[in-house]
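Working notes for the structure below.
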Amino acid sequence: MDESMQQGVTESRFSGLQIDLPESGSVTLGNALRLASETAIFLTDRPEIVIKIFDLECGMEEEVSYGPYVSFQLEVANFEEISSLGTLQNFIPVYYGSGLEFERKFAWVAMEFLNGKDLQEWCDDGAGEGCSEAWVAEFRRAIYETFSIMEQFHANGIVLIDFKPENVVRLSDGNIKFVDMGAFFTPRHFGKTKEYMYSATPDYAELLIDSSNIQSGVPLTQASDIFAAGVALFEMVTKESRLSIDDETAALIKADPTAYLFRETQIRDVWQSYPHLEGALPLVETQLEERRLLFAEFWHVLRGYMAEEVEDWESIEPDTQDSMLMDTGMNFIRDHLPAPMQWLAEPVAHATVLRRLRYGSMAELKAFMGNPISEAVREDLEIHNQFVQYLRDQGELGDFLDRLNEWDVRKHDLSGHWAVSAMAGCHFLADHEDYSYVIKAEMDDEGHQYYRLSGENPDEIPVTMMELKDSRMVWVL
């Protein structure tokens with residue numbers, strides 16, 4: 001289980017400590033930005049660098065605390081592995097090095113300070129403003145880009161395992177980065193699954209399935225991340241990671257516990273293997289008493305409940321049973337969502353439902369969050385946009401236009417035609433190992449910069465589009 005960190009600037013026994021970084025000189029720790037029982041993230045006298053401290057104190061002179069020590073090793077290994085995987089390193093903080101201070105009983109990882117808010121903080125602000133139409137559009141974009149990054153992790157054989165809103169930061173410029181590198185299941189764990197240190201937060205994980213797979217040597221899959229993403233979607237707009245249930249329904253389910261007794265046995269088995277989870281992973285009966293169901297139990301409980309309440313359930317065709325389960329669960333989830341966000345009930349349901357009915361890939365979940373360009377915009381791009389014409393001439397246009405969402409295009413007032421986001425173009429070019437040179441044309445009153453493809457004018461100084469890949473204010477005509 002991963003403990004939630006208390007946020008806020010806090011003094012600590014590590015404040016004032018000086019640490020020498022391998023290539024960046026020394027830094028001095030200030031106050032703790034985030035503080036948990038075994039780890040803390042510290043500001044330093046270098047604004048661009050923070051230090052994550054792993055407290056290894058165990059009360060014995062010749063030993064260190066095993067849990068945080070292993071977490072430190074995993075985080076360093078994950079940083080180093082991901083930093084070697086090309087474009088993935090753009091989606092995590094810059095890694096400045098790490099170290100182990102055995103005698104002083106702590107370890108550290110130095111990384112980039114990210115100026116922004118985690119997705120939960122950002123969504124809380126949006127909810128406070130009433131989930132305006134503009135904010136909902138930006139929410140779709142932020143989540144679409146988050147899921148696109150997850151898709152790239154999966155393409156590299158990496159399962160995030162402990163995905164949740166607080167582990168994703170939306171930077172002040174709108175770009176997305178992932179933090180908390182400790183739980184990833186990566187290619188180096190294949191063939192060594194039983195040795196993998198499984199660490200997940202119960203609300204975002206199907207612990208009964210994944211812990212069993214780990215013990216059996218079965219590799220974890222993206223089904224775990226799809227489930228976590230569904231729970232995260234729900235939490236971002238409700239501030240809750242569990243589903244509330246009314247007194248009457250809870251009483252009806254508890255009156256006939258046969259529907260969930262097997263799950264109770266499985267949960268107790270997990271407690272035996274992972275004793276520290278006994279307080280964090282409650283029995284189904286306890287969840288019913290508290291009127292708050294984990295998503296990992298909700299669908300099992302709902303199916304058992306429907307089997308008892310729906311007349312002649314056993315005579316209904318399996319496919320029809322599944323459709324009824326999906327519809328009932330989706331409606332139940334929808335009732336928990338604020339009105340402007342009730343459209344999320346469908347992706348939340350399809351991401352968290354029983355694995356055999358679940359979305360098979362992040363691409364399916366991501367597609368639901370997209371907002372494709374209109375046919376009129378598509379036609380304009382095909383006729384008038386130089387970049388689109390360039391891709392067509394090179395035989396590389398492919399599905400580029402199919403990938404574009406409304407936030408990837410902007411109307412150029414002077415020409416009356418549509419421009420393409422340089423970010424979207426660069427993502428596509430990265431897939432094709434291609435580079436285009438562009439020349440800055442103009443800037444509008446809102447600070448958006450427009451570029452055109454480079455010609456043969458010797459007075460022009462072209463730049464590659466890849467140099468513009470991180471800016472949301474750059475468009476190609």
Side-chain angles (χ1 to χ4, degrees), residues 1-7 9-10 12-58 64-85 88-116 118 149 153 158 160-164 166-169 171 176-186 188-189 196-201:
M1 174 188 169
D2 185 27
E3 299 179 64
S4 296
M5 288 189 169
Q6 299 174 350
Q7 296 189 35
V9 178
T10 310
S12 162
R13 71 182 181 91
F14 294 103
S15 296
L17 186 71
Q18 183 172 303
I19 289 179
D20 294 322
L21 305 181
E23 298 179 2
S24 305
S26 64
V27 296
T28 301
L29 273 59
N31 290 329
L33 183 62
R34 294 192 176 194
L35 186 65
S37 59
E38 296 177 339
T39 61
I41 296 178
F42 287 84
L43 299 170
T44 72
D45 58 350
R46 302 264 295 277
E48 74 277 14
I49 297 176
V50 293
I51 301 289
K52 184 171 183 178
I53 294 289
F54 297 78
D55 191 346
L56 306 181
E57 182 60 61
C58 66
V64 295
S65 182
Y66 179 75
Y69 174 67
V70 173
S71 296
F72 161 70
Q73 289 183 310
L74 284 173
E75 186 143 339
V76 171
N78 289 339
F79 256 120
E80 292 176 345
E81 184 170 0
I82 293 169
S83 295
S84 69
L85 293 175
L88 279 187
Q89 64 184 315
N90 297 324
F91 307 127
I92 63 173
V94 175
Y95 172 61
Y96 292 107
S98 60
L100 172 64
E101 301 283 345
F102 185 85
E103 293 184 358
R104 293 195 285 178
K105 301 296 179 67
F106 74 90
W108 57 270
V109 173
M111 67 188 83
E112 172 190 13
F113 172 72
L114 300 178
N115 181 21
D118 69 48
I149 294 171
F153 275 105
I158 298 172
L160 304 177
I161 300 303
D162 202 26
F163 176 81
K164 50 190 173 185
E166 67 186 55
N167 287 348
V168 181
V169 174
L171 303 179
I176 300 292
K177 288 204 176 187
F178 283 41
V179 296
D180 197 340
M181 313 293 291
F184 293 1
F185 186 88
T186 78
R188 73 176 187 276
H189 296 117
Y196 172 71
M197 182 179 175
Y198 178 58
S199 174
T201 308

For the atom pair CG (L160) and CG (N78), what is the distance rounded to the nearest 0.5 Å?
-> 10.0 Å
So, K164 and D180, do they make that salt bridge, N to O below 4.0 Å?
-> no
Does E112 have any side chain to side chain contact (heavy atoms under 4.5 Å, CB included) partners at least two apart in sequence or in another chain, and if so, which?
-> P93, V94, Y96, L114, K177
In chain order, what residues pass the side-chain hydrogen bond (donor to acceptor under 3.5 Å, both in side chains) check against E57, with sequence neighbours excluded?
-> none
Pairing residues for F153 by the ring-ring contact (aromatic ring centres under 6.0 Å, His included) criterion, not counting sequence neighbours | F178, F184
Pairs of donor and acceptor atoms involving the side chains of residues 20-28, under 3.5 Å and at least two apart or interchain, shall be tabulated with distances.
none

What distance separates T201 OG1 from I161 CD1, expressed to the nearest 0.5 Å?
-> 11.5 Å
For L85, all residues meeting side chain to side chain contact (heavy atoms under 4.5 Å, CB included), sequence neighbours excluded | L88, N156, I158
Residues that Y69 engages under side-chain hydrogen bond (donor to acceptor under 3.5 Å, both in side chains), provided they are two or more places apart | Q73
Let me have the donor-acceptor pairs involving side chains of residues 100-111, under 3.5 Å, with sequence neighbours excluded, atom names and distances please.
| residue | atom | partner | partner atom | Å |
| --- | --- | --- | --- | --- |
| K105 | NZ | M60 | O | 2.7 |
| K105 | NZ | E61 | O | 3.3 |
| K105 | NZ | E63 | O | 3.1 |

side-chain hydrogen bond (donor to acceptor under 3.5 Å, both in side chains) with T44: which residues, sequence neighbours excluded?
-> none
Taken to the nearest 0.5 Å, the spacing of L171 CG from I176 CD1 works out to 7.0 Å
Donor-acceptor contact below 3.5 Å, side chain N31 vs main chain L43 = no
List for me each residue that meets ring-ring contact (aromatic ring centres under 6.0 Å, His included) alongside F113, sequence neighbours excluded, and say none if there are none.
-> none
Which heavy atom in F72 sits nearest to a heavy atom in G99, and how many Å separate them?
-> CZ-O, 3.5 Å
Do R34 and D118 meet the salt-bridge criterion of a basic N to acidic O distance under 4.0 Å?
-> yes
For E75 and F54, run side chain to side chain contact (heavy atoms under 4.5 Å, CB included): C-alpha distance rounded to whole Å, both residues' side-chain angles, the deciding distance at 0.1 Å, then the answer.
-> CA-CA 11 Å; E75 186 143 339; F54 297 78; 3.8 Å; yes
Please step through side chain to side chain contact (heavy atoms under 4.5 Å, CB included) for the pair R13 and I53, ending with a clear verdict.
-> CA-CA 11 Å; R13 71 182 181 91; I53 294 289; over 6 Å; no
S199 and A183: which non-hydrogen atoms are nearest, and at how many Å?
-> O-CB, 3.6 Å
Minimal non-hydrogen separation, F42 against A40, with atom names = CE1-CB, 3.5 Å
Partners passing salt bridge (Lys or Arg N to Asp or Glu O under 4.0 Å) against E80 (at least two apart in sequence or in another chain) = none
In terms of heavy-atom contacts, D55 and S65 come closest through O-CB, 4.5 Å
Closest approach of G67 to M197 (non-hydrogen atoms, all atoms of both residues) = O-CE, 4.3 Å
Closest heavy-atom contact between G30 and S15?
-> O-OG, 2.8 Å
With sequence neighbours left out, what residues match F163 under ring-ring contact (aromatic ring centres under 6.0 Å, His included)?
-> none
In Å, rounded to the nearest 0.5 Å, how long is the span from CD of E81 to NE2 of H189?
-> 7.5 Å
